[in-house]
Amino acid sequence: MKKALPIGVENFEDVMKTGYYYVDKTLFIKELLDLKGKVNLFTRPRRFGKTLNLSMLRYFFEDTGDTEKNMQNKALFHNLNITKAGEAYTNHMVNYPVINLTLKSAKQPVFDSAYVKLKREIADEFNRHRYVLASDSINENDKRKFQEIADGEAKYDDYSGSLKFLCNCLYQVTKKHTVILIDEYDVPLENAYFQGFYTEMVNFIRSLFESALKTNDCLQFAVITGCLRISKESIFTGLNHLKIISILDQRYSEYFGFTETEVLQMMKYYGVESRFSTMKDWYDGYTFGSTAVYNPWSVINFMFDLYADVEAFPRPYWINTSSNDIVKDLIARADRETKGQIETLLSGETLEIQVHEEVTYEDMRSKGENLWNFLYFTGYLTKESTHFRDKYIFLNVRIPNTEVMTIYENTILNWMKERIEKEDFRDLYCAMEDGNGEKMRDILTGQLFSTISFHDSAENFYHGFLAGILSQSENYLVKSNRESGSGRSDIMVKSPSLRGRAFILEIKISKNIDELENDAERALQQVYDKKYMEELRAEGYRRIDCYGISFYRKDCEVQFGKKDSCALNP
């Protein structure tokens, strides 16, 4: 039996005790100890192993106060790389009190609900350390305050200063400095930005962090994770010892996400290495520092499917686990310049951006370049190359892989569908009924100018574009890609009544602007040659009109088939 794959398992103890397949990232601990950063903020995209790594740190460093439990935690690291690094590192095992806090549960619609969730997370961590209440080292006032926080009954100021207070209590009991681990620190901030209570959330998180990280003599070190480097001025005010490690940094670059070597080893273990090229096309493409990195969530999920069926199709696993609000916001607000830049990326080309690492969510709407930085740091873009010019760092960025490309394409198609549903296309339907190909062309071209098109899978895009518009009519039914005659027509539009009208539309994608007219004629001729009208005639329709439509980027051509020619059998 092969080891099970840890899909969604983010607890290090569970991974090791249950015997899941584990990609050894324990030398992250060595680098952390070597560099001796006091407060370390790691920014990585969602689902790139941040939570599991923090769990690993907790089990490595935490002195639980229980000798047997400490021995069990040490055993979790048996034969892992960190235990082979020497006593200089293993001496730190189970040697510190640890505060472990996740903020991901604060994704709520209003501030009061988010605050309740944060209080609950803090209270749970206090309850995990309830042993301090039995110590004579803690005075009665502090015990009372500790109990109120643990019970969820303390005041706002007590919770905003709770981490420092807990550090002080732990030091009084253990005489050891505390390791603080905070996971997904920016989730409540991102949620608050989109829900409209950003200021209230910033104020609370700032107070929580300042008290624990700025002037805390009981702190050993802290590790914080998130997707974005939220501005130091807004969250980490005055933290001169803060070290921010983003995806631009060379250090720690291999500890979040899987390297190609690790992916190959996993695929060989499960006997599915024959699908490596698909794995690479879909889930590789990220560059952290100078290290090539795969999306670990997607790799594990695809591996799970491959182990059951080596011919399994790849899927966009990440799209269901990562918030796509930033991409939606980009597309909804895009002006003509931004739409052109999106289309450049969708065509596989790169876009040059200036790096802005310290941004806030509020900055997202102030300048287009900030939004490109958001997309880069959250994993929707990746670095192709870096260069230095005029005192600033610039990146050439691109869409990382096929999986992320599908996120853009699906988001654009959904946006386009919502936009089309709000518009009135009666002029288009009238032109189609009148056989006015020129007017149809002008209306469709106008729509193309205001949308975002992608050409890598152009046929799907233009088909969806045209079918979406035609589907807005209350007088007609739209059928796509139906078997008809000796082939498949692209789109059929028909009245519910057999005495009504019916239309056949065939689409061609032109290679250049000069071929538009010829391609529209070819599309129309294909309708005749392959007898696409037969299905409609068999149903009983007698008034059948045919159109050949060709597209090239933002232009189109519409060729109308004469009624007599289309109604008969040329």
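Numbers here simply count residues along the sequence, with the first being 1.
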> Would Asp284 and Asn401 count as a side-chain contact (heavy atoms from CB on, under 4.5 Å) if you check the C-alpha gap in whole Å, the side-chain angles of each, and the deciding distance to 0.1 Å?
Replying inline: CA-CA 6 Å; Asp284 187 20; Asn401 51 43; 5.7 Å; no

> Got a sec: does the CZ of Phe304 have more than 12 other heavy atoms crowding it under 6.0 Å?
Replying inline: no

>> Determine whether the aromatic ring centres of residues Tyr380 and Trp372 are separated by less than 6.0 angstrom.
In response: no

>> Exactly one of Phe28, Phe61, Phe60, Tyr22 should register a ring pair (Phe, Tyr, Trp, His ring centres under 6.0 Å) with Phe12. Which one does?
In response: Tyr22

> Taking the side chain as C-beta and beyond, is there a heavy-atom pair between Arg275 and Phe302 under 4.5 Å?
Replying inline: yes

>> Would you say that more than 12 heavy atoms from the other residues, nucleotides or ligands in this model lie under 6.0 Å from the CZ of Phe388, or not?
In response: yes

> Would one find more than 12 heavy atoms of other residues, nucleotides or ligands at under 6.0 Å from atom NZ of Lys155?
Replying inline: no

> Only one of Leu103, Thr225, Leu208 forms a side chain to side chain contact (heavy atoms under 4.5 Å, CB included) with Tyr185, so which one is it?
Replying inline: Leu103

> Salt bridge check: are Arg47 and Glu10 linked by an N-O gap of less than 4.0 Å?
Replying inline: yes

> Salt bridge between Lys36 and Glu31, side-chain N to carboxylate O under 4.0 Å?
Replying inline: no

> Does the pair Tyr156 and Phe204 meet the rule for a ring pair (Phe, Tyr, Trp, His ring centres under 6.0 Å), with working shown?
Replying inline: CA-CA 9 Å; Tyr156 177 95; Phe204 180 79; 5.5 Å; yes

>> Salt bridge check, Glu13 against Lys69: does any charged N sit closer than 4.0 Å to a carboxylate O?
In response: yes

> side-chain hydrogen bond (donor to acceptor under 3.5 Å, both in side chains) with Asp63: which of Thr174, Asn70, Asn95, Asn73?
Replying inline: Asn70

> Does a sphere of radius 6.0 Å around NZ in Lys268 hold more than 12 heavy atoms from other residues, nucleotides or ligands, not counting ones at 6.0 Å or beyond?
Replying inline: no

>> Distance to the ring centre below 6.0 angstrom and angle to the axis at most 45 degrees; does that hold for Lys145 and Phe165?
In response: yes

> Under 4.0 Å between a Lys/Arg side-chain N and an Asp/Glu carboxylate O for Lys107 and Glu184?
Replying inline: no

> Which heavy-atom pair separates Ala114 from Met201 by the least distance, and what is that distance?
Replying inline: CB-CE, 3.6 Å

> Is the shortest side-chain N to carboxylate O distance from Glu260 to Lys280 below 4.0 Å?
Replying inline: yes

>> Any non-hydrogen side-chain atom of Phe221 less than 4.5 Å from a side-chain atom of Ile180?
In response: no

> Can Lys30 and Asp34 be counted as an ion pair, charged N to O under 4.0 angstrom?
Replying inline: yes

>> For Lys214, give me all partners under salt bridge (charged side-chain N to carboxylate O under 4.0 Å, His left out), at least two apart in sequence or on another chain.
In response: none

> Does Tyr20 have Lys3 sitting over its ring (NZ/CZ under 6.0 Å from centre, angle to axis within 45°)?
Replying inline: no

> Ion pair present between Asp186 and Arg46, side-chain N to carboxylate O less than 4.0 angstrom?
Replying inline: yes

> With respect to Phe256, which candidate in Phe42, Phe48, Tyr286 satisfies the ring pair (Phe, Tyr, Trp, His ring centres under 6.0 Å) definition?
Replying inline: Phe42

> Only one of Tyr307, Phe258, Tyr270 clears ring pair (Phe, Tyr, Trp, His ring centres under 6.0 Å) with Tyr21; which?
Replying inline: Tyr270

> Taking atom CZ of Arg251 as the centre, does the number of heavy atoms from other residues, nucleotides or ligands within less than 6.0 Å exceed 12?
Replying inline: no

